[in-house]
Amino acid sequence: MPELPEAETIVRGLRRAVVGRTIASARVIRPDVLRQPLATFRRNVKGRRITSVERRGKNVVHVLDDGSVVAVNLGMTGRLLPFPGPPKGSRRPRHAAVIVRFQDGSVLVFDDVRRFGTVEALPGDVWARRSDGMGPEPLDPSLRSPRLHASLATSRTPVRSWLLDQRRIAGVGNIYAAEALYLAGIHPQRPANRVTRAEARGLLRSLRTVLRAAIDHGGTTIRDYRDAEGGSGAYARKLYVYGCEGEPCRRCGTSIRRVVFSNRSAFYCPSCQS
DNA sequence: AGTGTATCCTGCAGGC
DNA sequence: TGCCTGCAGGATACAC
């Protein structure tokens with residue numbers, strides 16, 4: 001999916017398009033993306049005005065005028081595409097799952113080829129509890145490395161798996177986990193509790209460097225990701241290890257390796273990362 | 001309790 | 001051309 005930088009890019013693009021608009025109706029073409037009954041979703045959104053769009057981890061959160069939210073998790077292939085009017089012909093998204101029509105005639109489409117994404121309309125307090133169950137935001141300055149180190153110390157799971165667990169830290173996915181671990185010199189299969197205090201500091205710094213740079217470039221497009229304007233992210237060219245199996249490490253020239261665990265590929269430099 | 005695996009779904013690239 | 005396999009940015013139910 002869209003990881004944190006892609007979700008952030010989407011949120012920034014969406015704000016211009018949807019904040020201040022009032023929802024006239026919602027058409028649900030693929031009810032399986034809803035994590036709640038269809039009737040509940042429609043009742044919760046109808047007639048509500050969007051007051052802001054925020055990001056929490058990889059989630060895009062539309063805040064409505066009654067304090068409730070529409071939370072969208074983009075899964076692997078989800079997109080949020082605004083249109084000035086009903087999209088016609090070749091502009092029509094091919095895998096529209098939910099179509100929201102606003103009172104001014106503009107439209108927001110949640111499009112998702114694989115339908116791993118989810119959409120739900122929730123009372124504010126329910127969302128707040130959900131958010132409380134997620135780990136800290138890596139870019140939040142109030143997160144300091146001693147806290148990260150203490151949290152890593154509670155688990156023997158491979159540090160790449162640890163980073164992907166949204167309950168431990170929010171917004172990190174497979175690409176940026178690979179990139180940050182490379183910059184920090186930590187092997188993706190190292191048990192989390194064997195990351196030293198100094199390495200935890202480096203890892204947090206690396207995460208922030210990578211995530212900020214990716215946001216600056218509008219995210220990473222491998223194949224599916226598109227921003228709210230339908231554009232692709234330019235960060236793909238900057239990747240050090242993700243998807244780079246067999247290519248020379250930029251630091252030492254050693255061939256980048258791929259290893260599969262937890263059903264996901266991990267990419268690393270065998271000499272720079274231990 | 002904590003961890004790894006299988007699964008949801010579709011599309012695409014590469015091998016033969 | 002076409003069929004087959006493997007792979008994909010995520011999250012979670014389940015078995016150990």
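We name chains A, B, ... by the order of the sequence lines, and we start the count at 1 in each one.
Residues from residues 178-190 of chain A with heavy atoms under 4.0 angstrom of DNA chain C: there are none. Near DNA chain B, defined here as any heavy-atom distance below 4.0 Å, the residues from residues 113-125 of chain A are V113(A), R114(A), R115(A), F116(A), listed numerically.
Once you apply a 4.0 Å limit to the heavy atoms of chain A, the touched nucleotides of DNA chain B run 5' to 3' over dT3(B) to dG11(B).
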task: With pairs defined as Watson-Crick or G-U wobble and both distances under 3.5 angstrom, please note down DNA chain C as a dot-bracket string, | for pairing with another strand.
output: .|||||||.|||||||
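Residue contacts shown for P191(A) are absent, as no nucleic acid heavy atom lies under 4.0 Å away. At the heavy-atom level, R160(A) lies nowhere under 4.0 Å from the strands shown. In this structure, R258(A) reaches the sugar-phosphate backbone alone: every heavy-atom distance under 4.0 Å involves primed, P, OP1 or OP2 atoms, never a base.
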Using residues 38-47 of chain A as the side-chain source, report each donor-acceptor pair under 3.5 Å to any protein atom, sequence neighbours left out, with the distance given to one decimal.
residue, atom, partner, partner atom, Å
N44(A), ND2, A121(A), O, 3.0

Output a table of donor-acceptor pairs, distance under 3.5 Å, between side-chain atoms of residues 257-264 of chain A and any protein atom two or more places apart or on a different chain; print 'none' if there are none.
residue, atom, partner, partner atom, Å
R258(A), NE, E245(A), OE1, 3.4
R258(A), NH1, S265(A), OG, 2.6

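Every residue two or more places apart in sequence or in another chain was checked for a ring pair (Phe, Tyr, Trp, His ring centres under 6.0 Å) with H149(A), and none qualifies. By the salt bridge (charged side-chain N to carboxylate O under 4.0 Å, His left out) test, R212(A) pairs with no residue at all, sequence neighbours left out. Legend: residues meeting ring pair (Phe, Tyr, Trp, His ring centres under 6.0 Å) with Y240(A), ordered by chain and number and at least two apart, are Y182(A). When the side chain to side chain contact (heavy atoms under 4.5 Å, CB included) test is applied to E8(A), the partners found at least two apart in sequence or on another chain are R12(A), R55(A), I215(A). Remark: F110(A) engages no residue in a ring pair (Phe, Tyr, Trp, His ring centres under 6.0 Å) (not counting sequence neighbours).
Using atom P as the reference point in both dC9(B) and dC14(C), the two lie 16 Å apart (nearest Å).
Within the structure, salt bridge (Lys or Arg N to Asp or Glu O under 4.0 Å) contacts touching residues 138-161 of chain A (residues at least two apart or in different chains) do not occur.
Interatomic distance, I186(A) CD1 to L183(A) CG, rounded to the nearest 0.5 Å: 10.5 Å.
Transitive grouping of hydrophobic side chains (ILVMFWY, heavy atoms separated by less than 4.5 Å) brings V195(A) and L148(A) into a common cluster.
Atom-to-atom, CH2 of W162(A) to P of dG10(C) comes out at 16 Å; the value is rounded to the nearest Å. In this entry the distance linking CG of N174(A) with C1' of dA8(C) reads 10 Å, nearest Å.
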